[in-house]
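Everything quoted here is computed from the prediction, not taken from an experiment. Residue numbers begin at 1 in each chain, while the letters A, B, ... track the order of the sequences.
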Number of protein chains: 2
Amino acid sequence: MNKHVNLTSSIEEVSRDTGIGKDTLRVWERRYGFPQPRRGKKGERLYPKEQLDRLRSISRLLDQGCRPGSIVSMSPEQLDILAEQLKTVKDHRDNPKVDEMVGALGEGRTQEVLQSLRVMLKQQGPQLFTYDIAAPLLEQIGHAWANGQLSIYMEHLITNHLGNMLNEATNEFSHIEDDLKILLTTLPGERHGMGLLMVELLLRAEGVETINLGVETPVDQLVEACIGLNPQVLALSFSAIHKRASVIAVLRELSDKIPVSVILLAGGEGISKLRSIPERIRVVKKLDTLGIEVRSIRQQLNKT
Amino acid sequence: MNKHVNLTSSIEEVSRDTGIGKDTLRVWERRYGFPQPRRGKKGERLYPKEQLDRLRSISRLLDQGCRPGSIVSMSPEQLDILAEQLKTVKDHRDNPKVDEMVGALGEGRTQEVLQSLRVMLKQQGPQLFTYDIAAPLLEQIGHAWANGQLSIYMEHLITNHLGNMLNEATNEFSHIEDDLKILLTTLPGERHGMGLLMVELLLRAEGVETINLGVETPVDQLVEACIGLNPQVLALSFSAIHKRASVIAVLRELSDKIPVSVILLAGGEGISKLRSIPERIRVVKKLDTLGIEVRSIRQQLNKT
DNA sequence: TAGTTTATTTTGTCTAGGACAAATAGATAT
DNA sequence: ATATCTATTTGTCCTAGACAAAATAAACTA
């Protein structure tokens, strides 16, 4: 009765699950010989699970700066070795508490971790919690997943929960009557909203009024929002970005279209690697300099 | 100096902002003569803003059940008329409070609305708030946007804020020691997480332990999650869906792969229109029957 | 040695037009 | 009204070629 359980994924599913474009998948096949999916009777590509997993590893390595030409045709084992090497290079100042949590997650003690996160937020306060716990935890989980220590769904789970916690903490800062109003969002293509939530929390802790539009606001909508809500600052968050080209293009576009009275602020992992950013845009390279930036903006605005 | 401000969008941007696939955009052009983008020097399509807006209207009408063949070649005016007609057909039991809020949003009294939402949640409690305020408000905002009464970014803003509120309300139900654990998520392709948040709140109010994985969990990950977290129930949320075909296919796949001990629950606007749903899957057609369903599941589990 | 410019390779995204099966609508019969 | 069959509609996939932007390597300059 069990007529061939579907062990393969279509190109659309693979594209969505890995974040690699459909065209890219096809052209890799042509150029590097991987992936090499089976074919359905229509000739459609059917990707077995092993290839899907391997593509996920590749996608992650690309985010870390590897180049397709050198890794796409690597065997899974080679990919693992490479991931391990990159990990040891990066990890310097890691928080023992974070390591402990990752370990606990690997052993299935999920609820325990979620619980202790709440405690830490209370104990350490929003700023320290964000810098020392939330941000490094997310990074570590990424690594742990690449090494096979953790299932990917754990990343989803933790991300979601952490998001809730940050939200809640944000809302605890009641609306202080303040002159500074900051609009928050990400540009189309940037689906990660965690950075946004962390920034929002930090800003609120500084007494700023924040409006969060969520992720992927189309440019024309963003212009409308700036006119309709008229914030003094528009803050954009970038995580690891696949296509640096278009990001700069969009930043230019914004710089042209957004009212000149609005200060443009960009931050996140992804932005610090870019060069030739339009002058008008202020870049915040690390989370813990956000407070300084805000004070600087306040000064600038008070002068006028 | 202002060298031709970019008033056009690439096919990728249009696809992302409208939710219409790239291939679909191209084939519409061929078949229906719309959109008819300008071309760059490479021959790439460049969509002017008017066409982008028109595509957004079309996309929305499709979600409401219209067919491409009959609406894609319509003029913007005709589209507006059609949207208006559909609106009057649907709106029966609308809440006056909701109408009032939509009006206020149109006049730019954003903060006021956000404030009053908080008050209503406190006053009415989670259940009533979800049924009578949150759900209809989101629907109404969709309509108001289609009629040009509201900017789209307002929808983002409200969605985001409402999400925060629901989260917060959810977290207020402290972890009751309960035998029932429910895993929540959406399938790949379904990016709307609001339904999920509403369901989570309602479930918590019933004393259920919930785990929310967020949106778009890949199928293989979902299987892993069911094994790793072993919930008694897996609940999936569907909004208006573009491709009903694949949804049923994925449901079948799940039905095959998820351990038989797990009860599958599906709900949301999108699911009620479908027929030929696998037997194993329980369908919750309306939010306010969720409580009943939960009690029924509890009974079933207690028998065993 | 270190920084800047130029050439070369790599890489993602686009295009065209054809194909096909799943979904829907319309017609017919129970 | 409900079910069955046929015709049309519709989204997604295919191939194979093209091209510009990004990244790298090479050459040159201070």
Counting only N and O atoms by type, is there a donor-acceptor contact under 3.5 Å from the side chain of [X] to the main-chain atoms of [Y]?
X	Y	answer
A:Q221	A:P218	no
A:E216	A:R191	no
A:E190	A:H192	yes

Determine: side-chain N/O of [X] to OP1/OP2 of [N], distance under 4.0 Å, yes or no.
X	N	result
B:T24	D:dT12	yes
A:W28	C:dT11	no
B:Y32	D:dT10	yes

Next on the checklist: Here's a test of your reading of the structure: between A:K41 and B:L46, which maps to the more 5' nucleotide of DNA chain C?
Outcome noted: B:L46

Item to check | Between the first and last five pairs of the helix from C:dT1-D:dA30 to C:dT30-D:dA1, the angle of the axes, rounded to 10 degrees | outcome: 40°

Candidate nucleotides [options], ranked by approach to the side chain of [X] - the nearest:
X	options	result
B:K42	C:dA21, D:dA20, D:dC13	D:dA20
A:R31	D:dC19, D:dC14, D:dT10	D:dC19
B:R30	C:dA19, C:dA16, C:dG18	C:dG18
A:I11	D:dG11, C:dT13, D:dC14	D:dC14
B:E44	C:dG12, D:dC13, C:dT15	C:dT15

Could you check how far [atom1] of [X] sits from [atom2] of [N], rounded to whole Å?
X	N	atom1	atom2	value
A:E29	D:dG17	CD	C1'	16 Å
A:K22	C:dT13	NZ	C1'	13 Å
B:L25	D:dC13	CG	P	14 Å
A:E12	D:dC14	CD	P	11 Å
A:R39	C:dC20	CZ	P	15 Å

Item to check | Any N/O donor-acceptor pair, B:R26 side-chain to D:dG11 base, under 3.5 Å | outcome: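 No.
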
Item to check | Side-chain H-bond candidate by donor/acceptor type, B:S296 with B:R282, under 3.5 Å | outcome: yes

Checklist entry - If you round to the nearest 0.5 Å, how far is CD1 of A:I58 from SG of A:C66? => result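 Going from SG on A:C66 over to CD1 on A:I58, the span is 10.5 Å.
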
Item to check | Contact check, side chains of B:V14 and B:L55, non-hydrogen atoms, under 4.5 Å | outcome: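 B:V14 vs B:L55: side chains touch.
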
Next on the checklist: With nearest nucleotide decided by heavy atoms, which residue, A:R67 or A:D23, maps closer to the 5′ end of DNA chain D?
Outcome noted: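 Looking at the nearest nucleotide for each, A:D23 comes out on the 5' side.
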
Next on the checklist: For A:Q36, I'd like to know if atom CD has over 12 heavy atoms of other residues, nucleotides or ligands within 6.0 Å.
Outcome noted: no

Next on the checklist: Considering every strand and a 4.0 Å limit on heavy-atom distances, what is the contact class for B:R45: base, sugar-phosphate, or nothing?
Outcome noted: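 Answer is sugar-phosphate: B:R45 comes under 4.0 Å of backbone atoms only.
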
